[in-house]
Amino acid sequence: MSGDLSRLLARTAIVSRILPFSCVDGPGNRLVIFLQGCNFRCPGCHNPHTIGLCDHCGDCVADCPSGALTMAEGRVSWQAALCTHCDRCTDGCPRQASPKTQVMSVAEVLAELRRYGPLLSGVTVSGGEASTQLPFVVALFTTIKSDPALTRLSCLLDSNGSLAPTGWQRLLPVLDGAMLDLKGWRDEVHRALTGYDRERVLASLQLLARCGKLTELRLLQVPGRTDFIDAQGRLDAGLCAFLRSLGPVPIRLNGFRQHGVRGAALDWQEATRAELEQLANALQMQGFDAVSLPAIY
């Protein structure tokens, strides 16, 4: 085994969880790796426990009813066999973190892929925000592409689009496609919904579209907060022009739901199917035909 390959296989990441089979995180049947940590602070996040990184303060240990959490040498240790997944530890964490993460190497993830490989179409790395652990993602996709038994698997990234162009250039040679969210059009709306300016996201969408690697653009409809259409149901002219500049990219519409959210977003209104259909109609009237809605709502 070459030294370069050995270094790739040894690369690690903090993993929130692995989902062996998913049909909603890209085309086909996919193994999904959810990495821990996110640089956005979306108040309406459905997985807020994946945002922060555990600082081993130990506040969650005493609250664990099953004794699955212990403190040793200044670090919180999680015993999966004892855990009942009551989520008291994640619900009460002030850092929006989880003590139930694990450090996994590329070699360990490849073992999971080989275990389920014959039933899979590909692998999707998600989060949190997967690009915050970019060296691991690059190493994982590189080893998949170089492994004769795994190279048939497509490698997708589910991202908030905050990665800098230099980061995308590192990833593009081994990336089959990326699925990006656009949660608001005007900059002030995007900041309110993500805590982050929109410019890096728009630049990522344009770069990926130019390279033919933008698998899907996702628009999140939050009633009374997003600004994709006006009160008359017309698509924002600036958004329309931007979408046209990307070319024929599939657009998926998602509606805000309260499941999993915390804090102020619990008072936000949930999007209805009718609202998503109105947005879909506005897009289709402007010639965007590759628009899809959630299969189950």
Side-chain angles (χ1 to χ4, degrees), residues 16-17 22 24-25 34 36-52 85-98 126-130 132 158-162 179-202 204-205 216-236 238-240 242-243 251-283 291-297:
S16 177
R17 68 185 177 112
S22 171
V24 296
D25 294 280
F34 296 91
Q36 186 73 17
C38 185
N39 52 354
F40 276 15
R41 292 297 181 266
C42 303
C45 180
H46 292 92
N47 299 294
H49 59 278
T50 66
I51 293 176
H85 299 287
C86 67
D87 291 336
R88 285 180 62 175
C89 57
T90 55
D91 289 342
C93 179
R95 294 179 58 82
Q96 293 186 291
S98 171
S126 185
E129 171 50 37
T132 61
D158 192 336
S159 173
N160 61 25
S162 63
M179 300 168 287
L180 266 62
D181 293 315
L182 181 59
K183 295 184 177 179
W185 173 240
R186 296 192 305 274
D187 205 36
E188 62 271 21
V189 174
H190 194 274
R191 282 197 302 271
L193 292 173
T194 68
Y196 201 94
D197 292 343
R198 69 171 188 166
E199 294 308 316
R200 184 69 66 78
V201 179
L202 300 187
S204 292
L205 288 166
E216 186 175 80
L217 166 58
R218 297 170 175 173
L219 300 179
L220 175 66
Q221 176 67 18
V222 185
R225 298 178 185 274
T226 41
D227 58 346
F228 302 130
I229 57 176
D230 61 21
Q232 288 72 45
R234 295 172 299 200
L235 192 67
D236 182 275
L239 173 63
C240 183
F242 177 77
L243 294 177
I251 300 173
R252 177 175 293 276
L253 306 184
N254 290 319
F256 170 74
R257 310 288 286 178
Q258 292 180 348
H259 176 73
V261 304
R262 300 174 185 168
L266 288 170
D267 295 326
W268 290 6
Q269 181 182 345
E270 292 188 333
T272 65
R273 178 113 188 152
E275 288 171 313
L276 292 184
E277 290 173 348
Q278 182 185 38
L279 178 54
N281 289 335
L283 287 161
V291 178
S292 59
L293 279 70
I296 301 175
Y297 198 80

Contacts of type side chain to side chain contact (heavy atoms under 4.5 Å, CB included), residue Q278, not counting sequence neighbours: I229
In chain order, what residues pass the side chain to side chain contact (heavy atoms under 4.5 Å, CB included) check against T226, with sequence neighbours excluded? L193, Q221, V222, F228
Across all chains, not counting sequence neighbours, the ring pair (Phe, Tyr, Trp, His ring centres under 6.0 Å) partners of F40 are Y196
Partner set under side chain to side chain donor-acceptor pair (under 3.5 Å) for S159, not counting sequence neighbours: E129
Partner set under salt bridge (Lys or Arg N to Asp or Glu O under 4.0 Å) for R234, not counting sequence neighbours: D230
With E275 via salt bridge (Lys or Arg N to Asp or Glu O under 4.0 Å) - residues at least two apart: none
Residue set satisfying side chain to side chain donor-acceptor pair (under 3.5 Å) with T194, at least two apart, ordered chain then number -> H190
Quick test of your reading: applying salt bridge (charged side-chain N to carboxylate O under 4.0 Å, His left out), list the pairs with at least one residue in residues 220-229, sequence neighbours left out, ordered by first then second residue. R186-D227
Using side chain to side chain contact (heavy atoms under 4.5 Å, CB included) as the criterion, list what pairs up with R191, not counting sequence neighbours. D187, E188, D197
Residues forming a side chain to side chain contact (heavy atoms under 4.5 Å, CB included) with C240, sequence neighbours excluded: L235, R244, Q286, F288
Holding to side chain to side chain donor-acceptor pair (under 3.5 Å), I want the full list of residues that pass it with T132, two or more places apart in sequence or in another chain. none
Going by the rule side chain to side chain donor-acceptor pair (under 3.5 Å), which residues pair with S22 if we only count those two or more places apart in sequence or in a different chain? D25
